[in-house]
There are 2 protein chains.
Amino acid sequence: MNISEKINLTDTTPEERSPEDRSMAIRESLRNAIIDRRLAPGTKLSESEVGSLFDVSRTVARAALQMLAFEGLVKTERNRGAFVSNPSPEEARQIFASRRLIEPGIVAAAVERITPEDIAEFRRQLNEEERYMNERGPAARRAEIKASGDFHLMLASVAGNVILQRFMDELVARSSLVIALYGRSGVSSCGHSEHTAVLDALEKGDGERAAKLMIHHIDHIEADLDLQVKQGLGLKDALSLG
Amino acid sequence: MNISEKINLTDTTPEERSPEDRSMAIRESLRNAIIDRRLAPGTKLSESEVGSLFDVSRTVARAALQMLAFEGLVKTERNRGAFVSNPSPEEARQIFASRRLIEPGIVAAAVERITPEDIAEFRRQLNEEERYMNERGPAARRAEIKASGDFHLMLASVAGNVILQRFMDELVARSSLVIALYGRSGVSSCGHSEHTAVLDALEKGDGERAAKLMIHHIDHIEADLDLQVKQGLGLKDALSLG
DNA sequence: AATGTCAAGATTGCATACGATTTGCCCAAA
DNA sequence: TTTGGGCAAATCGTATGCAATCTTGACATT
């Protein structure tokens, strides 16, 4: 099995291709591939394969995989390799529980700092979302998931707390994985209007309302998932998770 | 300058010295040294030095330093090396803002799951805290900071959300650094009684009250810090921090 | 005295080599 | 046919070597 065609090697923009760590670029590229579901959960990412794909040595490939492991996007098994994470329903629940905790706070911080320019930027982003929403096909759906995540990330950026921003980075990435895994197909489209509603409340300076809307939004996302005990796939999972 | 005497090479318990990643053990050891302030902020941690200290190659030492960089406990500069983080007051504020967001949620989750055994364990921990509190000297003070952090970590563990647990791990570690840097000496002792109060509320199953107490506790910790613009030290800092 | 230039030393960035561990296959024996 | 053992391939874990980059100190120049 060859993963090469699944990865877009030019994900990183030229100017971001800094003279610095190539491992960072590789991480980004793999991250995007994973959260777009171009790399399915369980896919093996061997050091040598990743290395030769990006034309670097195992050392730097390894560094990228270590970072992804730290973020929870891949899991490594000793002497076996790294695999794209296959989050369990329990993990999924914890991810959303974390988001329910953090995002209202982010909204509350954002309402204090958001500028008209930010609002305009958000509107652009929401248009993009809508565009993908109206398209059909798996590519558009992936783009929609990504765009939807970007909304939350932009919010975190506006809130101005770099630590929470990093937490959200991780949570959104893992959420994308979870949605791709457990999402029921049709319903994610309702997310867009909820984003709009949150933004409207923010624009009016009504942080209370924005936070409430955000919680409902997260609830809806989670409610759209099918988090029953995993059918079939793994007895290993059944055992390891009790 | 030699950092060897600052690091306790036997920090990790024998059974935790798993046949696995030695870099993990090194990370733990350095982490402890940093949050105890045996390694002062700004201290350089060169790969070869760390490597020879723990008797491993630079490769392994490097992996440990990368993990610490990911956690925000060290900062790496390209082609220069890794340095123990020197968190700015702004960073400190963001750390505590994050904690104010997350910890009430952890308390709320913990109250649902805490067992009598957990309570007993907490009481033991609080006794330990008290012991250090009554001792004098910098060593006792460091131990007190560490014990105080452990209380919050135990709470996160009881809450049962591994993601939040990891976030708290990072936040508590960085808080320790911040407290050591900006803490006014005398006042941290009030923390102990607040921990006790939180635990009492938890034992009674009063999650509301426990969460409120926790927020106040965090407020008090932050209020005890001196987060004014850093006096004197650096024009370099003044520039880089705006 | 202050500043600019340059070379030596130190340190990281990266690649590669070798050893250890695991996996999977093949074949023999029941 | 099934089970068990052993060997080969693959992969990771680690050490080390070389090149690139940065710092530092000395020295010359203004």
Side-chain angles (χ1 to χ4, degrees), chain A residues 1-4 7 9 12 16-30 39 42-70 73-85 234-236 240, chain B residues 1-4 7 9 12 16-30 39 42-70 73-86 234-236 239-240:
Chain A
M1 197 220 306
N2 202 332
I3 64 172
S4 55
I7 300 177
L9 273 68
T12 53
E16 189 167 20
R17 180 170 277 303
S18 62
E20 190 227 324
D21 275 2
R22 283 174 291 173
S23 58
M24 217 50 139
I26 295 175
R27 168 184 169 227
E28 274 309 309
S29 198
L30 287 178
L39 290 175
T43 304
K44 172 161 189 173
L45 304 172
S46 92
E47 294 179 355
S48 13
E49 196 171 6
V50 171
S52 59
L53 259 176
F54 290 91
D55 211 47
V56 296
S57 78
R58 274 179 52 214
T59 307
V60 39
R62 183 184 184 77
L65 291 173
Q66 282 175 331
M67 287 191 275
L68 291 170
F70 225 90
L73 289 182
V74 312
K75 294 215 178 312
T76 67
E77 298 176 28
R78 179 177 178 87
N79 278 319
R80 297 234 325 115
F83 302 84
V84 178
S85 262
L235 103 152
K236 177 192 158 202
S240 67
Chain B
M1 195 215 312
N2 202 332
I3 65 172
S4 56
I7 299 177
L9 273 67
T12 54
E16 188 166 24
R17 178 170 278 304
S18 65
E20 191 228 323
D21 277 359
R22 284 175 289 174
S23 57
M24 216 52 136
I26 295 175
R27 168 186 169 223
E28 273 311 309
S29 198
L30 287 177
L39 290 175
T43 305
K44 171 159 191 178
L45 304 172
S46 90
E47 294 179 358
S48 16
E49 197 170 7
V50 172
S52 60
L53 259 175
F54 290 91
D55 210 48
V56 296
S57 75
R58 276 179 46 216
T59 308
V60 177
R62 184 182 183 78
L65 291 174
Q66 282 174 331
M67 287 191 276
L68 291 169
F70 224 90
L73 288 181
V74 314
K75 295 216 177 308
T76 67
E77 298 175 29
R78 181 178 177 84
N79 279 320
R80 297 233 325 116
F83 303 83
V84 178
S85 261
N86 203 332
L235 101 150
K236 175 193 159 201
L239 294 176
S240 66

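The analysis underlying the following values was restricted to heavy atoms, covering all of them including side chains, and did not include hydrogens, waters or symmetry mates. Each chain gets a letter, A, B and so on, in the order the sequences are listed, and its residues count up from 1.
- Here A/Arg22 reaches the OP1 or OP2 of C/dC14: one of its side-chain N or O atoms lies under 4.0 Å away.
- Toward the 5′ end of DNA chain C lies the nearest nucleotide of B/Ser48, the other residue of the pair B/Ser48 and A/Val56 mapping further downstream.
- Between A/Arg22 and A/Val60, the shortest heavy-atom contact is C-CG2, 4.2 Å.
- The CZ-C1' distance, from B/Arg78 to D/dT23, rounds to 16 Å in whole Å.
- Considering only side-chain atoms of B/Ser46, the nucleotide from D/dG13, C/dT11, D/dT11 that sits closest is C/dT11.
- For DNA chain C, the neighbouring residues in residues 58-68 of chain A, judged by any heavy atom under 4.0 Å, are A/Arg58, A/Thr59, A/Val60.
- Between the C1' atom of C/dT12 and the CZ atom of B/Arg80 lies a distance of 11 Å, rounded to the nearest Å.
- Pairing each heavy atom of A/Lys44 with each of A/Arg80, the nearest pair is NZ-O, 2.9 Å.
- Looking only at side-chain heavy atoms (C-beta outward), A/Met67 and B/Gln66 stay at 4.5 Å or farther from each other.
- A straight line from CE of B/Met24 to C1' of D/dC12 spans 16 Å, rounded to a whole angstrom.
- For A/Glu47, the listed nucleotide lying nearest its side chain is D/dC12; candidates were D/dT23, C/dG13, D/dC12.
- Summarising the geometry of A/Ala63 relative to A/Ser23, their closest heavy-atom pair is CB-CB, 4.0 Å, with the distance given to 0.1 Å.
- Where B/Gly81 and A/Asn79 each meet DNA chain C at their nearest nucleotide, the meeting point lying more 5' is that of B/Gly81.
- Residue B/Leu65 comes nearest to B/Val74 through the heavy atom pair O-CG2, 3.8 Å, listed as atom of the first residue, atom of the second, then distance.
- Scanning all heavy atoms of the two residues, the minimum distance from A/Phe83 to A/Gly42 falls at CD2-O, 3.5 Å.
- Looking at the side chain of B/Ser57, the nearest of the listed nucleotides D/dT23, D/dC12, D/dA15 is D/dA15.
- Here C/dG13 presents its P atom at 20 Å from CZ of A/Phe54, a figure rounded to the nearest Å.
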